[in-house]
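Small disclaimer: the values here were computed from a predicted structure and weren't measured.
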Amino acid sequence: MFDSQKAGSVFHLKDQVQYEKDKAVKQVYIDQNGVRMLLVAIDHSLLPDHPAPADALVMVLEGSGEITYNNTVAKVKEHDFFKFDKGVIHSVKADKLKFALLFAGWMIRSILMTAGT
């Protein structure tokens with residue numbers, strides 16, 4: 001999907017994934033050079049408890065929902081961010097919610113360390 005975006009143009013990530021009735025749709029947006037981003041659309045559904053496969057950052061693109069993280073519920077809405085640590089059990093429940101999930105891999109950490117941040 002990422003490769004099909006025209007460089008130098010404005011687009012909205014929320015338009016790159018579509019809702020399916022009563023489902024949680026997950027699709028890979030980027031998976032290259034150590035960067036992995038998923039786009040998720042939840043329609044009256046739940047992503048059940050599961051461990052985070054890596055450190056990750058959630059960017060809420062549309063709607064609102066609840067993230068249960070380490071047995072604590074956080075309400076999230078459009079424009080919110082939420083960080084996951086690798087291995088922590090979490091779930092996501094929503095009536096309508098779209099979010100991007102950016103996984104922090106070795107390449108991202110390496111770039112940040114090189115940049116001095």
Taking every non-hydrogen atom, the tightest pair across [X] and [Y]:
X   : Y    : value
L47 : A24  : CD2-CB, 3.6 Å
K98 : A41  : CG-CB, 4.0 Å
M59 : L102 : CE-CB, 3.9 Å
A56 : L101 : CB-CD1, 3.8 Å
S91 : P48  : CB-C, 3.8 Å

Using a 4.5 Å cut-off on heavy atoms from C-beta on, say whether the side chain of V40 contacts that of V92.
-> no
For the residue pair Y29 and V17, establish whether any side-chain heavy-atom pair is separated by less than 4.5 Å.
-> no
More than 12 foreign heavy atoms under 6.0 Å from NZ of K86: is that the case here?
->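 Result for NZ/K86: open.
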Between Q27 and Q16: side-chain donor-acceptor atoms closer than 3.5 Å |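 Note: Q27 and Q16 side chains miss the donor-acceptor criterion.
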Quick check for you: to the nearest 0.5 Å, what is the distance between [X] atom [atom1] and [Y] atom [atom2]?
X   : Y   : atom1 : atom2 : result
M37 : I30 : CE    : CD1   : 5.0 Å
L57 : F84 : CG    : CZ    : 9.5 Å
I67 : F82 : CD1   : CZ    : 5.0 Å
K93 : L46 : NZ    : CG    : 7.5 Å
L39 : L13 : CG    : CG    : 5.5 Å
F99 : F81 : CZ    : CZ    : 13.5 Å

Any sub-3.5 Å donor-acceptor pair from H44's side-chain atoms to K21's backbone N or O?
-> no
S45 side chain vs I42 backbone, donor-acceptor pair below 3.5 Å =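 Answer holds: no.
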Those residues that, when tested against D31, pass salt bridge (charged side-chain N to carboxylate O under 4.0 Å, His left out) (two or more places apart) | R36
Residue list, salt bridge (charged side-chain N to carboxylate O under 4.0 Å, His left out) with K26, at least two apart or on another chain =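 Listed in chain order: nothing, the list is empty.
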Please identify each residue that fulfils ring-ring contact (aromatic ring centres under 6.0 Å, His included) with Y19, with sequence neighbours left out.
->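 Y19: no ring-ring contact (aromatic ring centres under 6.0 Å, His included) contacts found.
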For D15, which residues count as a side chain to side chain contact (heavy atoms under 4.5 Å, CB included) partner, sequence neighbours excluded?
-> H12
Report yes or no: do V88 and V76 belong to one cluster of Ile/Leu/Val/Met/Phe/Trp/Tyr joined by side chain heavy-atom distances under 4.5 Å?
->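 Yes: a chain of side-chain contacts under 4.5 Å links V88 to V76.
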Summary of salt bridge (charged side-chain N to carboxylate O under 4.0 Å, His left out) pairs that have at least one residue in residues 37-47, sequence neighbours excluded |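 Those involving residues 37-47 are D43-K96.
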Does anything in residues 63-74 pair up under side chain to side chain donor-acceptor pair (under 3.5 Å), and if so which pairs, sequence neighbours excluded?
->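 Only E66-K75 qualify under side chain to side chain donor-acceptor pair (under 3.5 Å).
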